[in-house]
Amino acid sequence: MASSSSSYNSPCAACKFLRRKCMPGCIFAPYFPPEEPQKFANVHKIFGASNVTKLLNELLPHQREDAVNSLAYEAEARVRDPVYGCVGAISFLQRQVQRLQKELDAANTDLLRYSLTDIPPPPPSSLSVPPGMVSVQQMPQRQFSGSTYSSFPYSLPWTDTSSEDMSEGGGGGGNHL
């Protein structure tokens, strides 16, 4: 609970707002402490004290604190945004998540591009490429967000949606990057 029964000299925020005596069994006292008068004022303005009393009386005691917190959140959101209330806040947060997801996707794309272009070429050596294999220098180049990267003869593990064996495309029997 938010607080125990209100102190002996100070009525709960609800009783103080409603200008009535705060009795020992006051249904509002545990959820609207005297230190938070605006919490009850908002709830009263949006839902009304009578409706809140009915709601709290219908709930089991262990459910009341969550209900009051929800009512207080919705009431504060309605006071700040009378048209949309908490739905406006939810919509704002959903748009922010979508924007951040796009930024994350762009950062992952950049990371992939940099990781593929920053691979140093193998040092020139006298080793020959086995028959049937294509050397890195012979691989065709593709455009990728303004940069180029080598086309792999197999699909990358994070883009492969098939359940085929990796060895079928010359990928080396399931070796992953």
Pairs touching residues 40-52 that satisfy side chain to side chain donor-acceptor pair (under 3.5 Å), sequence neighbours left out: Gln38-Asn42
Using a 3.5 Å cut-off and no angle test, enumerate the donor-acceptor pairs between side-chain atoms of residues 12-24 and protein atoms at least two apart in sequence or in another chain.
none

Side-chain hydrophobic cluster, 4.5 Å single linkage: members besides Leu60: none
Contact list for residues 88-108, test side chain to side chain donor-acceptor pair (under 3.5 Å), sequence neighbours left out: Arg99-Glu103, Gln101-Asp105
Connected-component partners of Leu93 among ILVMFWY, side-chain separation under 4.5 Å: Phe92
Inter-residue atom distance Leu104.CG - Leu100.CG, 0.5 Å rounding: 8.5 Å
Closest non-hydrogen atom pair between Cys86 and Ala77, with its separation: N-CB, 3.4 Å
Phe28 with Leu59, same ILVMFWY side-chain cluster at under 4.5 Å: yes
Residue pairs involving residues 48-64 (criterion salt bridge (Lys or Arg N to Asp or Glu O under 4.0 Å); sequence neighbours excluded): none
Side chain to side chain contact (heavy atoms under 4.5 Å, CB included) partners for Asn57, two or more places apart: Ile27, Thr53
What pairs of donor and acceptor atoms, side-chain ones from residues 68-76 against any protein atom, are under 3.5 angstrom apart with sequence neighbours left out?
from, atom 1, to, atom 2, distance (Å)
Asn69, ND2, Glu65, O, 3.3
Ser70, OG, Asp66, O, 3.1
Glu74, OE2, Arg78, NE, 2.9
Glu76, OE2, Arg80, NE, 3.4
Glu76, OE2, Arg80, NH2, 2.7

For Tyr84, the rest of its hydrophobic cluster, which grows through side-chain links under 4.5 angstrom: Val83
Student check: side-chain heavy atoms of Val43 and Phe32 closer than 4.5 Å: yes
